[in-house]
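Have a look at this one.
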Protein chains: 2
Amino acid sequence: MRMMIKPDLKEAVEQLKKAVSTKEFIALVCLCEADYVGRARSFLENGERLLIIKEDTSFLIHRPRGLEPVNWQPPPNYVGVTVKGDHIVLTVKRVRKPEKVVVRIHKVRSIFSGRLEDKGGFQMYLSEKEISEILRMHPELVEEGFRVTSAEAREKTGVVDIVGVDANNRRTIVEIKKDRAGLEAVRQLTRYAGGIGQGVRIVLLAPGVTEEAERMLRRNRMEFRRISMLDLTKILVRERSLEKSGIKKYL
Amino acid sequence: MRMMIKPDLKEAVEQLKKAVSTKEFIALVCLCEADYVGRARSFLENGERLLIIKEDTSFLIHRPRGLEPVNWQPPPNYVGVTVKGDHIVLTVKRVRKPEKVVVRIHKVRSIFSGRLEDKGGFQMYLSEKEISEILRMHPELVEEGFRVTSAEAREKTGVVDIVGVDANNRRTIVEIKKDRAGLEAVRQLTRYAGGIGQGVRIVLLAPGVTEEAERMLRRNRMEFRRISMLDLTKILVRERSLEKSGIKKYL
DNA sequence: GATTGTATCTCGCAA
DNA sequence: TTGCGAGGTACAATC
């Protein structure tokens with residue numbers, strides 16, 4: 001692990017080359033310009049940015065504002081470092097596609113490189129899949145008397161989360177959205193419903209629905225039911241072994 | 001602009017707080033864990049990562065591998081720094097949405113903060129010459145049945161024109177603008193079209209058009225057609241003879 | 001490898 | 001603010 005503040009060109013190049021060759025994680029604040037050629041073309045004029053080269057050669061250029069990187073290259077990449085006159089030329093070229101970013105680095109403000117130790121697990125909760133799982137275990141949350149007949153989550157025409165029958169033994173398809181359902185969700189559902197016979201109830205389950213989406217639902221004789229993500233989370237927390245997962249401390 | 005290597009907790013907190021309060025750009029390599037609660041929930045166990053807080057409060061956590069950040073928050077955010085026992089607690093909470101990331105920082109490997117000077121322009125790029133070339137090769141992109149009889153680039157106005165005939169053998173002049181066409185573009189076009197006889201179609205091709213410009217076009221019986229510079233770029237990249245002037249040279 | 005669908009998508013634009 | 005489409009989308013799953 002090594003770090004330098006305002007190194008001169010020679011020092012910076014040396015560390016950069018070494019770090020690249022040993023595939024260390026690199027975070028470099030510098031004055032630079034960058035060209036991209038590949039699926040499109042772009043040119044980024046001179047300015048101060050943060051460059052990131054990861055251990056798997058993932059590459060990012062971040063400007064001082066905005067969430068998204070201005071330039072990037074998904075791994076794997078060939079990474080080259082050379083010196084041309086008074087600046088460093090960093091070339092990042094994708095292995096499997098004809099794409100590359102060329103960065104001309106004029107001044108290095110700071111450079112960090114090292115191997116980062118990161119074995120920590122990452123877990124997302126309450127994805128649509130997990131919601132579906134909970135509802136399969138607790139069909140009464142969908143509707144009184146509802147029974148699940150098919151645990152199959154996907155069919156060819158689109159995404160279907162739960163198939164079952166309601167209290168009157170009528171076939172019912174339940175689609176789940178974890179966010180407020182918009183037009184796109186309803187469209188997706190409509191596409192699927194096109195291949196379904198008459199007399200089948202179609203229910204959209206979500207924390208909310210936009211006005212237009214609800215209108216579209218009505219036009220297509222489909223139903224909306226509100227569901228509380230908080231309730232589902234409580235069930236998840238109650239029923240899962242949570243010692244190692246860590247979500248417990250939130251609730 | 002300030003940077004520290006392996007600072008102790010107190011030093012790190014001090015710099016972090018100051019940098020956050022003055023909205024400096026921050027790049028922090030540290031051992032940390034992170035929780036996200038919002039549209040979904042996630043938990044990231046302990047490990048070494050790069051944290052980025054931008055001048056507009058954009059927030060990113062990058063692991064040592066993978067292009068995408070493992071956690072993030074689009075601006076604007078409230079950013080809070082506190083100390084709890086032996087670790088720093090960084091809270092990044094979105095202003096307009098119920099979402100937050102809480103990071104517990106256990107060890108700081110290095111911290112950079114400062115204001116980055118970045119006024120450099122950024123643009124996707126296609127020269128007029130290239131646009132003209134692509135459309136000559138693919139006249140169907142102008143319109144179904146269109147055939148080119150001549151093409152010429154006027155560099156001063158940033159407009160390319162192509163002369164041809166449409167599917168009905170009617171003479172058609174196509175003007176191309178790289179950027180969204182405003183009133184000025186239409187004025188120039190009108191001036192140019194003034195010397196043209198009646199019965200000739202005039203079509204403006206651009207990525208977009210302002211409302212007023214479109215009205216002016218209609219008044220002058222001219223047409224607008226939307227064209228995607230990105231699509232053209234893709235065609236260029238895909239189909240150009242690579243030996244002479246194409247992408248190959250770059251790659 | 002090509003296609004398809006999701007995403008804490010983000011972002012810009014328009015109504 | 002909400003909806004809608006584009007993106008160098010990236011990425012995983014599927015064919």
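These values consider heavy atoms only, across backbone and side chains, with no hydrogens, waters or symmetry-generated copies. By convention in this document, chain letters (A, B, ...) are assigned in the order of the sequence lines, proteins followed by strands, and residues within each chain are numbered from 1.
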Residue pair V101(B)/P75(B) against DNA chain C: nearer the 5' end by closest nucleotide is V101(B)

Heavy-atom closest contact (L67(A) atom, H62(A) atom, distance) = O-CE1, 3.3 Å

R49(A) and R63(A): CA distance, side-chain angles, deciding distance, side-chain contact (heavy atoms from CB on, under 4.5 Å) verdict = CA-CA 5 Å; R49(A) 289 116 196 180; R63(A) 306 190 79 169; 3.6 Å; yes

Classify the angle between the aromatic ring planes of F25(A) and F112(A) as parallel (below 30°), tilted (30 to 60°) or perpendicular (above 60°).
-> perpendicular

Closest listed nucleotide, where the reference is the side chain of F122(A) and the choices are dT9(D), dC4(D), dT8(C) | dT8(C)

5' precedence on DNA chain D between N71(A) and E211(A) (nearest-nucleotide basis) = E211(A)

What is the distance from CD of E99(A) to C1' of dT9(D), rounded to the nearest Å?
-> 11 Å

Would you mind classifying the nucleic acid contact of S42(A) as base, sugar-phosphate or nothing, using non-hydrogen atoms under 4.0 angstrom?
-> nothing

Can you check the K97(A) NZ to dG8(D) P distance for me, whole Å?
-> 13 Å

Audit row: Y36(A), E99(A), side-chain hydrogen bond (donor to acceptor under 3.5 Å, both in side chains) steps and yes/no = CA-CA 8 Å; Y36(A) 160 78; E99(A) 272 190 312; 2.5 Å; yes

Could you tell me the separation between the OH atom of Y36(B) and the C1' atom of dA7(C), rounded to a whole number of Å?
-> 11 Å

Among the nucleotides dC11(C), dG7(D), dG3(D), whichever has the atom closest to the side chain of P74(B) is dC11(C)

Taking the nucleotide of DNA chain C with the closest heavy atom to each, which residue, R94(B) or R96(A), is nearer the 5' end?
-> R96(A)

Return yes if some donor-acceptor pair links the side-chain N/O of E45(A) with the main-chain N/O of G121(B) below 3.5 Å, else return no.
-> yes

Rounded off to whole Å, could you give me the CZ-to-P distance for the R226(B) and dA6(D) pair?
-> 7 Å

Start with the C-alpha distance between K23(A) and T57(A), add both sets of side-chain angles, then the distance that settles side-chain contact (heavy atoms from CB on, under 4.5 Å), and finish with yes or no.
-> CA-CA 7 Å; K23(A) 293 203 177 294; T57(A) 69; 3.4 Å; yes

Distance in angstrom units between M124(B) CE and dT9(D) C1', rounded = 11 Å

In whole Å, what is the span from the CG atom of N77(A) to the P atom of dG8(D)?
-> 17 Å

Considering only heavy atoms, which members of residues 53-69 of chain B lie under 4.0 Å from some atom of DNA chain D?
-> L67(B), E68(B)

Identify which nucleotide among dG8(D), dC4(D), dC9(C) has an atom closest to any side-chain atom of R39(B), counting heavy atoms from C-beta outward.
-> dC9(C)

Is there a donor N/O on one and an acceptor N/O on the other, under 3.5 Å, for the side chain of Q73(A) and the base of dG8(D)?
-> yes

For atom CH2 of W72(A) and atom P of dC9(C), their distance in whole Å | 19 Å

Using atom C1' of each nucleotide, how far apart are dG5(D) and dT9(D) to the nearest Å?
-> 13 Å

Using the P atom in both, what is the distance from dA6(D) to dT8(C), to the nearest Å?
-> 22 Å

Can you establish whether the number of heavy atoms outside E140(B) located under 6.0 Å from its atom CD is more than 12?
-> yes

Should we count CD of E223(B) as having more than 12 external heavy atoms under 6.0 Å?
-> yes

I176(A) has an atom CD1; how far is it from atom P of dG5(C), in whole Å?
-> 19 Å

